[in-house]
Amino acid sequence: MASATASEPGVPPIASQKIAAAAQAIDPYNVSGGTDEHGNAVAIDYDRLVQEFGTQLLTPDHLARFEKVTGKPAHRLMRRGVFFSHRDFDKILDAYERDGTFMLYTGRGPSSGSMHLGHTVPFLFTKELQELFDVPLVIMMTDDEKYLHTRNKNEGRQKPGNTVEDFIAFAHENIKDIIALGFDPKKTFIYTDYEYLGGHFYRNVSEFESMVTLSQSFGAMGFKMEYNIGLPAYGAKQCVAAFPSSYPELFGLPDSRYPTWDPAAKMRHKSLSKIMTLIPCAIDQEPYFRILRDRCERMTDPHPKTALILSKFLTALQGAGGKMSASDANSAIFMSDTPNQIKKKINSHAFSGGRETAEEQRELGGNPDVDVAYTYLSYFLDSDEELEALATRYRSGDLLTGEMKAKCIAELQSFVADFQKRRESVTDEVMRSFMRPRKLEFKGNPNPTKPAAPAVEEGGAANGEAKEGGKDGRGTKGERKAAKLAEKKAEKEAEKLALRQKAEA
Ligand code: TRP
């Protein structure tokens with residue numbers, strides 16, 4: 001990275017004592033750009049990260065093809081390089097053109113009950129993809145992962161407010177926040193691991209666990225021998241969550257769960273293993289999915305390698321080198337913040353790329369590239385022209401830091417206020433409607449070139465599986481009838497349960 005001196009705009013003061021520099025460290029449990037020999041945080045070097053991880057960069061060609069396939073301009077987060085890297089993104093576009101559909105999968109670790117601005121970024125992008133492609137989406141809430149991780153951080157102790165039940169409650173709060181971002185209930189399934197894992201999902205977990213050695217898990221995640229045994233095993237769950245065959249009911253096929261166990265669910269459904277998956281996520285999750293991709297084709301029912309589209313992190317208020325973090329209240333803007341809190345945080349904490357004084361700025365200009373207010377605008381302001389004009393005027397000294405911050409404050413206040421209004425109407429009932437395993441309704445590509453692709457069932461009958469006919473992969477007539485019956489029964493049970501809960505309340 002280019003070295004900078006303190007007199008340049010946007011360069012934080014340098015600590016004077018010399019200590020050992022720390023290297024950049026990024027994995028699902030650490031996100032740090034490292035420190036220099038003075039102990040100052042260094043901005044994350046994404047080019048190096050991409051090299052290290054061996055992922056590809058998203059190019060203008062990808063954007064052009066994306067726009068051609070969807071007929072719509074690419075989302076601003078893609079245009080502006082927040083989503084900047086991928087694996088097999090082209091193959092997802094191929095699958096959409098050819099088969100007509102794919103599955104979207106993303107998730108969140110509910111480490112607390114409140115979400116901040118940074119947490120909304122992958123979800124906003126995912127929502128846009130769901131709308132553009134009209135495909136099913138699963139959102140995994142890893143209450144189990146966060147329980148294990150938190151307990152590990154506390155040297156094995158369970159602190160008050162950190163029980164399994166607490167993490168389930170955090171997940172529920174987060175789910176309501178996610179719903180308030182505007183997902184379509186017809187094509188979105190949201191679940192917490194503690195509540196959902198079982199059935200065919202758990203069969204995939206076991207099979208996957210058997211293909212990952214301890215040393216592979218430790219190597220990819222930076223685990224140590226002192227860690228609890230839950231963490232290295234958890235990864236298999238996050239991985240097989242990418243397989244459509246983990247969620248037969250979303251595709252109208254039966255699962256093997258109490259109390260609606262259906263004989264047609266004796267085997268996992270081979271037809272579902274043909275559907276491709278795209279995971280939009282921040283790049284710290286890539287180590288999991290590297291392990292996943294290497295094993296997709298070794299499953300009993302081989303799955304195509306999962307595709308990834310990867311984002312950078314939302315910069316902390318303090319500037320590059322850190323990401324917004326829920327555990328540091330001053331680094332983040334929370335989705336529950338009041339307009340006044342937003343204003344105060346931006347005004348007093350947002351790192352500025354401007355000059356010391358207004359006169360200096362008028363004369364020499366500021367640096368929008370390191371200016372946090374401008375950076376946030378680049379995530380949330382949709383108009384390219386407006387954004388471009390802000391940058392140009394900032395550089396020329398025509399726009400002052402206070403003005404950039406005011407623009408940012410107004411934009412974030414309106415985003416957060418709209419969110420809070422929608423959040424009010426997300427009741428427990430609404431939440432549960434997203435969490436009920438049910439057949440999702442999606443159309444995908446209206447004109448696929450080879451829509452029959454998912455129906456090719458080799459060896460299904462040979463290994464004892466009920467043959468899944470139907471060129472759309474919806475299963476045989478018998479299976480569909482059984483699934484319908486099971487669904488009706490489940491609905492009745494849910495109704496009864498709701499009535500009972502009402503009576504109890
Ligand atoms: N491990 C993730 C976290 O801590 C949660 C997660 C599970 C996830 N599955 C995912 C994130 C898929 C992105 C994509 O936040």
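Each ligand, and each atom within it, is numbered from 1 in the order the structure gives.
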Quick one: does any side-chain atom of Thr142 pair with a main-chain N or O of Glu145 as donor and acceptor, under 3.5 Å? no

With heavy-atom distances below 4.0 Å as the criterion, list the atoms of ligand 1 near Arg108. 5 (C), 6 (C), 15 (O)

For ligand 1, which atoms sit closer than 4.0 Å to a heavy atom of Ile279? 14 (C)

Non-hydrogen atoms of Met141 versus ligand 1: any pair closer than 4.0 Å? no

Would you list the pairs meeting ring pair (Phe, Tyr, Trp, His ring centres under 6.0 Å) in which at least one residue belongs to residues 413-432, sequence neighbours left out? Phe380-Phe415

re atom 2 (C) of ligand 1, the protein heavy-atom contact at minimum distance is Gln285 OE1, 3.3 Å

Counting heavy atoms under 4.0 Å, the part of Phe289 that contacts ligand 1 is side chain

Would Thr142 count as a polar contact of ligand 1, with the cut-off being nitrogen or oxygen pairs under 3.5 Å? no

Just which atoms of ligand 1 are under 4.0 Å from any heavy atom in Tyr105? 7 (C), 9 (N), 10 (C), 12 (C)

Can you tell which part of Thr106 has a heavy atom less than 4.0 Å from ligand 1: side chain, backbone, both or neither? both

For Gly109, the ligand 1 atoms whose distance to one of its heavy atoms is below 4.0 Å: 3 (C), 4 (O), 5 (C), 15 (O)

Looking only at distance, does Tyr234 have an N or O less than 3.5 Å from an N or O of ligand 1? no

Check: Tyr96 ring centre within less than 6.0 Å of Phe133 ring centre: yes

Salt-bridge criterion met for Glu195 and Arg432 (N-O under 4.0 Å): yes

Between Gln238 and ligand 1, find which residue part has any heavy-atom pair under 4.0 Å and reply side chain, backbone, both or neither. side chain

Where ligand 1 meets Lys146 - atom numbers and elements under 4.0 angstrom, heavy-atom basis: 4 (O)

A cation-pi test, strictly: NZ or CZ of Arg268 under 6.0 Å from the centre of the six-membered ring of Phe243 and no more than 45 degrees from its axis. Yes or no? no

Establish, yes or no, whether a centroid distance under 6.0 Å links the rings of Phe125 and Phe83. yes

Under 4.0 Å from a heavy atom of Met140: give me the atoms of ligand 1 that qualify, with their elements. 7 (C), 9 (N)

Donor on one side chain, acceptor on other, Asn40 and Thr35, under 3.5 Å: no

Think Lys312 forms a cation-pi with Phe84, using NZ or CZ under 6.0 Å from the six-ring centre and within 45 degrees of its axis? yes

Nearest neighbour in protein (non-hydrogen) for atom 11 (C) of ligand 1: Gly107 O, 3.3 Å

May I ask you to identify the nearest protein heavy atom to atom 13 (C) of ligand 1, giving residue, atom name and distance to one decimal place in Å? Cys281 CB, 3.4 Å

Aromatic centroids of Tyr247 and Tyr191 separated by under 6.0 Å: yes

When Arg203, Lys270, Lys274 are each screened for salt bridge (charged side-chain N to carboxylate O under 4.0 Å, His left out) with Asp301, the one that passes is Lys270

